[in-house]
Peer 1: 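Pasting in a structure now, in structure tokens, and then I'll have a few things to ask.
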Protein chains: 2
Amino acid sequence: MDTLSSREEEPVGRQHAQRVDLAVSTVIFALRPSPETGRMTLWLPLVRRIREPYEGRWALPGGWLAADQDLETSARRTLVRTTGLTPRYLEQLYAFGGLDRSADDPTRVVSIVYWALVHPDEAAQAIDSDNVEWFAADDLSELAFDHRTIVDYAVWRLRTKMEYSRIAHGFLGETFTLAQLRQVHEAVRGCSLDPANFRRQILASDAIEDTGQRLTGTSHRPPRLYRYNTAVQLADHGPLTPSQESKEQA
Amino acid sequence: MDTLSSREEEPVGRQHAQRVDLAVSTVIFALRPSPETGRMTLWLPLVRRIREPYEGRWALPGGWLAADQDLETSARRTLVRTTGLTPRYLEQLYAFGGLDRSADDPTRVVSIVYWALVHPDEAAQAIDSDNVEWFAADDLSELAFDHRTIVDYAVWRLRTKMEYSRIAHGFLGETFTLAQLRQVHEAVRGCSLDPANFRRQILASDAIEDTGQRLTGTSHRPPRLYRYNTAVQLADHGPLTPSQESKEQA
DNA sequence: TCAAAAGTGTTCTTTATACACCCATGG
DNA sequence: CCATGGGTGTATAAAGAACACTTTTGA
């Protein structure tokens, strides 16, 4: 055989390269209380489709890759245009390129999907319109394309990464109490945690530092306010962009 | 503002979607003894470029996405064409889409990169030619494009995943001794491990099962041969394709 | 019998978990 | 004062690391 080199793979001038539409979408997570139970749960904003295929269905915010923007920049651009959101935490999730992603529609689209966390202040910037709506992650309607699969995968990714990384503060503002941080972990992991042990583990990890301030206005002993210790980096087992390798994002 | 919906993002008929060349590449790892120290180290096959840009430089095996193949199928096809390899373990690594990936060349290419593990039998199928060569992962020449960055990221990914997953058997054949399995861990993680503790941890995890056979021909007590216990699944913290979510690949 | 690696046992340290208890504030 | 969550102490269990020791083969 003489197909040893990349001869077949790269025709002259690239004019034989298969070109596909390249979309960029994002799964954005925020925490808010469930309207029924009142417990904190995962929510995400979806955008209503206004044309075929899947017209009227809810879909992930996103758009096409811009020729003059890299992947993450395109994700941020489409995100702010469709939802108004500019998340601090944004990370690539996966590239989806199955052949049957668009049901009957024969168009081939490859999607680079990102996932993001927003805290309440960021989420408040979201566009308020009939075409943008927040849904509970565990109570989604039928979504467009394979977006339900993508959301499920992103939820799984968030849950597993929460256990070994310190992404929880993506859901919190500049300062926060240990109880708030614990509530984030409880909401995402879906179980209650011992406050005493949680405190010791977090403090031992050196992930946060005391601001010296306390939160007042509660009907009990005022809790300390903490901030994230940006000086300390933790091991990360998830996909970071190569330039961030042994650093921790956010 | 009236950019609420995806109106701007999806022009009629998609003819306004930015089209880019979509490449698929793979970082393939195998273990073989270092020619100097004799210790097992990471090696990977590279393909020599036979045209500009980067003509003559070594590059990751890969090619263009085929219109009628999904991402993984395209990765396997380009892999076997360029290197002759058909790895059992193959997983998506990351999508690279920076604007300056091709140096002076203004062509925009987005690469979906996979990573793979091959055991000695698989590696023996590799094409033997001037245009395919194996390199030690810690002693690479200047590679084409941003492939050095990609390789470094893949190495980091392999190392971190080795610690919590059971991918080590991607480097081994059907049956193996505990010493062989331990050597794989030692080579990838770059440290020596206590044989006694390693044995207990692996056996306690139920990841492998005794074949009842022993390896003979050694100049000492014949070790047992084990195989992987495919019935038991371990938690995985890395990116799997959504359909594999709570399952473990390979 | 000796070398070398297989395989087992024991101790110690670290980490996680469960839960009792005191503290400080608003009402 | 009481209720409520903040915050500390402690005892137990599980997991990991270090290392002595016995076993079984080929030479």
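This is a predicted model, so every value here is computed, not measured. Numbered from 1 within each chain, the chains take letters A, B, ... in sequence-line order.
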Peer 1: Which nucleotide sits closest to the side chain of A:Pro222: D:dG7, C:dT17, C:dT25?
Peer 2: C:dT25
Peer 1: Would you say a side-chain N or O of B:Arg214 is under 4.0 Å from OP1 or OP2 of C:dG7?
Peer 2: yes
Peer 1: Indicate yes or no: does B:Glu91 engage B:Arg157 in a salt bridge with an N to O separation below 4.0 Å.
Peer 2: yes
Peer 1: Rounded to the nearest Å, what distance is computed from the CG atom of residue A:Leu178 to the C1' atom of nucleotide D:dT4?
Peer 2: 17 Å
Peer 1: Starting at the 5' end of DNA chain C and moving along, which residue's nearest nucleotide shows up first, B:Tyr226 or A:Gln201?
Peer 2: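 Per heavy-atom nearest nucleotide, the more 5' residue is B:Tyr226.
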Peer 1: Go through C:dG7, D:dG7, C:dT17 for me and flag the one nearest to the A:Pro223 side chain.
Peer 2: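 For the A:Pro223 side chain, the nearest candidate turns out to be D:dG7.
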Peer 1: Closest nucleotide of DNA chain C for B:Ala179 versus for A:Gly217: which of these residues is on the 5' side?
Peer 2: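 Comparing both residues, the 5'-ward one is B:Ala179.
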Peer 1: So A:Trp156 and A:Tyr153, would you call those rings parallel, tilted or perpendicular, with 30° and 60° as cut-offs?
Peer 2: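 Answer is parallel, since the angle falls under 30°.
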Peer 1: With respect to the phosphate group of C:dG7, does any side-chain polar atom (N or O) of B:Arg221 fall under 4.0 Å of OP1 or OP2?
Peer 2: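 No, B:Arg221 has no side-chain N/O under 4.0 Å of OP1/OP2 on C:dG7.
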Peer 1: At under 4.0 Å between heavy atoms, what does A:Thr218 touch on the DNA or RNA strands: base, sugar-phosphate, or nothing?
Peer 2: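 Sugar-phosphate, no base atom in range.
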Peer 1: Tell me: CG of A:Asp210 to P of D:dG6, nearest whole Å?
Peer 2: 15 Å
Peer 1: Do B:Asp146 and B:Thr149 have side-chain atoms, one donor and one acceptor, less than 3.5 Å apart?
Peer 2: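 There is no such pair between these side chains.
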Peer 1: How many whole angstroms separate atom CZ of A:Arg199 from atom P of C:dT15?
Peer 2: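 Distance check: A:Arg199 CZ to C:dT15 P gives 20 Å.
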Peer 1: In whole angstrom, what separates B:Gln213's CD from C:dA6's P?
Peer 2: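 For the pair B:Gln213 CD and C:dA6 P, the rounded distance is 17 Å.
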Peer 1: Just how far, in rounded Å, is P of D:dG9 from CG of A:Leu203?
Peer 2: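 Computing the A:Leu203:CG to D:dG9:P distance gives 13 Å.
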Peer 1: Would B:Arg227 and B:Glu209 satisfy salt bridge (charged side-chain N to carboxylate O under 4.0 Å, His left out), going step by step from the backbone distance to the final call?
Peer 2: CA-CA 6 Å; B:Arg227 76 168 67 87; B:Glu209 59 182 18; 3.2 Å; yes
Peer 1: Out of C:dA6, C:dC19, D:dC19, which nucleotide sits closest to the side chain of A:Ala196?
Peer 2: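 Of C:dA6, C:dC19, D:dC19, C:dC19 is nearest to the side chain of A:Ala196.
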Peer 1: If I take atom CG in residue A:Asp194 and atom P in nucleotide C:dC21, what distance separates them, rounded to the nearest angstrom?
Peer 2: 15 Å
Peer 1: Measure CG/A:Asn197 against C1'/D:dG9 and give the value in whole Å, please.
Peer 2: 12 Å
Peer 1: So A:Arg200, base contact, sugar-phosphate only, or nothing? Heavy-atom distance under 4.0 Å.
Peer 2: base
Peer 1: What is the distance, to the nearest angstrom, from the CZ atom on A:Arg224 to the C1' atom on C:dT25?
Peer 2: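 Spelled out: CZ on A:Arg224 to C1' on C:dT25 is 15 Å.
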Peer 1: Just checking A:Ala204: base, sugar-phosphate only, or nothing, at a heavy-atom cut-off of under 4.0 Å?
Peer 2: nothing
Peer 1: Would you sort out whether B:Arg159 and B:Glu163 count as a salt bridge (charged side-chain N to carboxylate O under 4.0 Å, His left out), showing the intermediate values?
Peer 2: CA-CA 7 Å; B:Arg159 293 223 160 98; B:Glu163 289 178 26; over 6 Å; no
